[in-house]
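For reference, the structure is listed below as structure tokens.
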Amino acid sequence: MARVLTGVQSSGIPHLGNILGAIVPAIGLSNDPKNESLFFIANMHAITTTKDAGKIIENTYATAAAWLAFGFDTDKNTLFRQSDIPQVTELTWYLNCVTPYPMLANAHSFKDKASNLSDVNAGLFDYPVLMAADILMYDVNIVPVGKDQKQHLEMARDMAGAFNRIYGETFVLPESKIDEQVMTVPGIDGRKMSKSYGNFINIFLPDKKLRKVLMKIVTDTKGLEEPKDPDTCNVFKLYELMASPEEIATMRGNYTGGNYGYGHAKQALFELIITKFETERNRYWELIEDHDKIDAELSKGAEKAKIIGLEVLNRVRQKVGFGK
Ligand code: ADP
Ligand code: TRP
């Protein structure tokens, strides 16, 4: 049995890039009977940058609703909110005390912002240690993350190794699982879809609003009659990520044959999204109106995570000399 854990910051509403690049593959992994998956919403990490309680709450519900809508099984697995197990900050402290300053000063997440140090709060500097505590608290074997998180994972292993060397075997060393093959979903402007570029597609928007966003996808200016190149078109790239091989072949023919405009392709993309994700969108809308249901799911998850986490934390307390 491998224990798999991953987390996302509650810094936005999950978009199509998050869904295809992270949520769907993670749920696939969580359905494997050989795995036990823990998924959590990193709201403590989110407050290093988002200083708006309303937004943190909204994004936490949206993230939980998206995972549940896409079928994360909370009986087999565990879905929880980081702040529901505040003891993770206690573990962060123990790890802080074995973490050399230069390791943190070298973190990309910090270095990217280091040109303006007055903008860096201590939480942001300590971010990788809280992330290591998230992982080490649950005796995790595998952490699936994007390439951007690879360095944080290596730091978590280094901290676990340092603690184990000083105090004796305490932590399980986590392996990262970085899928180099993972698709990059383009945004409506053709760059990588990202919250920070404002080019994302929120598939949970109502039909009319969703259609409006899709109509804004940037294309070249070829006229209706002209044949078009599917492989350089953002609309086609998005279509290709979700359609069946037959649908893709037909769409290719439409592009190269002429007399098929970008408006038609965008309409087809819209129809594809609302058909393909009909169940998930309906479930999401039901859940997002039902905070009690999401709270109940998150409490159930916190209870399960706490049992594992507190056992590890007690082990650590003994090692550092806080036992009786
Ligand atoms: P954002 O760039 O919108 O801030 P995050 O960095 O919070 O997204 O990413 C959360 C997860 O979603 C990560 O696992 C990341 O690899 C995945 N992800 C984000 N954007 C994309 C994308 N455009 N294509 C594929 N996966 C993505
Ligand atoms: N730092 C991660 C991100 O921004 C989120 C995260 C926090 C995380 N703690 C984690 C991911 C533990 C994996 C494991 O994407």
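As the structure lists them, so they are numbered: ligands from 1, and atoms in each ligand from 1. We count residues from 1, following the sequence as given.
Looking at every heavy atom in both residues, Pro174 comes nearest to Leu136 through CD-CD2, 3.9 Å.
One finds no salt bridge joining Lys304 and Asp75 here, because no Lys/Arg side-chain nitrogen approaches an Asp/Glu carboxylate oxygen to under 4.0 Å. With salt bridges taken as basic N to acidic carboxylate O contacts below 4.0 Å, one links Arg252 and Asp231. A salt bridge links Arg157 to Glu175: at least one charged side-chain nitrogen sits closer than 4.0 Å to a carboxylate oxygen. A salt bridge links Glu297 to Lys300: at least one charged side-chain nitrogen sits closer than 4.0 Å to a carboxylate oxygen.
By heavy-atom distance, the residue among Pro144, Gly17, Ala46, Ser196 lying nearest atom 26 (N) of ligand 1 is Gly17. With Leu16, Ile23, Val185 as candidates, the residue nearest to atom 23 (N) of ligand 1 on a non-hydrogen basis is Val185. Within the set Gln149, His152, Met131, Met137, the minimum heavy-atom distance to atom 3 (C) of ligand 2 is found for Gln149.
In terms of protein heavy atoms, atom 9 (N) of ligand 2 is closest to Asp134 OD2, 2.8 Å. In this structure, atom 1 (N) of ligand 2 lies nearest to the protein heavy atom Tyr127 OH, 2.7 Å. The protein heavy atom nearest to atom 11 (C) of ligand 2 is Gly7 O, 3.3 Å.
For ligand 2, the atoms sitting less than 4.0 Å from at least one non-hydrogen atom of Phe40 are 9 (N), 10 (C), 12 (C), numbered in the order shown with element in parentheses. Every atom of ligand 1 is numbered from 1 in the order shown, and the set under 4.0 Å from a heavy atom of Gly21 is 25 (C), 26 (N). Of all the atoms in ligand 2, the ones that sit under 4.0 Å from a non-hydrogen atom of Val143 are 13 (C), 14 (C). Shown in contact with Met193 at under 4.0 Å from a heavy atom are these atoms of ligand 1, numbered in order with element: 20 (N), 21 (C), 22 (C), 23 (N). Close approach to His45 involves these atoms of ligand 2, each under 4.0 Å from a residue heavy atom: 7 (C), 9 (N). Of all atoms in ligand 2, listed by their number and element, those nearer than 4.0 Å to a heavy atom of Gln9 are 4 (O).
Proximity of Gln82 to ligand 2, defined as any heavy-atom pair under 4.0 Å, is not found for any part of the residue. If you look at Val145 next to ligand 2, the close heavy atoms, those under 4.0 Å, all belong to the side chain. Contact annotation for Leu5 and ligand 2: only side-chain heavy atoms (C-beta onward) come within less than 4.0 Å of the ligand. Contact annotation: for Gln149 versus ligand 1, there are no heavy atoms closer than 4.0 Å. In Ser194, the parts holding a heavy atom less than 4.0 Å from any atom of ligand 1 are both the side chain and the backbone.
Below 3.5 Å of separation, one finds no N or O of Gly146 facing any N or O of ligand 1. Note: no N/O pair closer than 3.5 Å links Thr184 and ligand 1 by distance alone. Checking only distances, Thr6 never comes within under 3.5 Å of ligand 2, N or O to N or O. Checked against a 3.5 angstrom limit, the closest N/O atoms of Asn18 and ligand 1 fall inside it.
A tilted orientation is assigned to the rings of Tyr127 and His45, their planes being inclined by 30° to 60°. By the 30° and 60° cut-offs, the orientation of the rings of Phe39 relative to Trp67 is parallel. Classification of the Tyr61-His291 ring pair by plane angle, with boundaries at 30° and 60°, yields parallel.
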Decide side chain to side chain contact (heavy atoms under 4.5 Å, CB included) for Leu104 and Asp126; before the verdict, give the C-alpha distance in whole Å, the side-chain angles of both, and the deciding distance to 0.1 Å. CA-CA 7 Å; Leu104 295 183; Asp126 208 36; 3.9 Å; yes
Criterion side chain to side chain contact (heavy atoms under 4.5 Å, CB included) on Cys233 and Lys228, from CA distance to verdict: CA-CA 8 Å; Cys233 176; Lys228 300 173 179 64; over 6 Å; no
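Using a 4.0 Å heavy-atom cutoff, Lys192 is listed among the residues neighbouring ligand 1.
No side-chain N or O of Thr184 forms a donor-acceptor pair with one of Lys192 less than 3.5 Å apart. Using modelled atom types and a 3.5 Å distance limit, the side chains of Ser30 and Asp32 yield no donor-acceptor pair.
Under a cutoff of 6.0 Å and an axis angle of 45°, Arg317 and Phe322 do not form a cation-pi pair.
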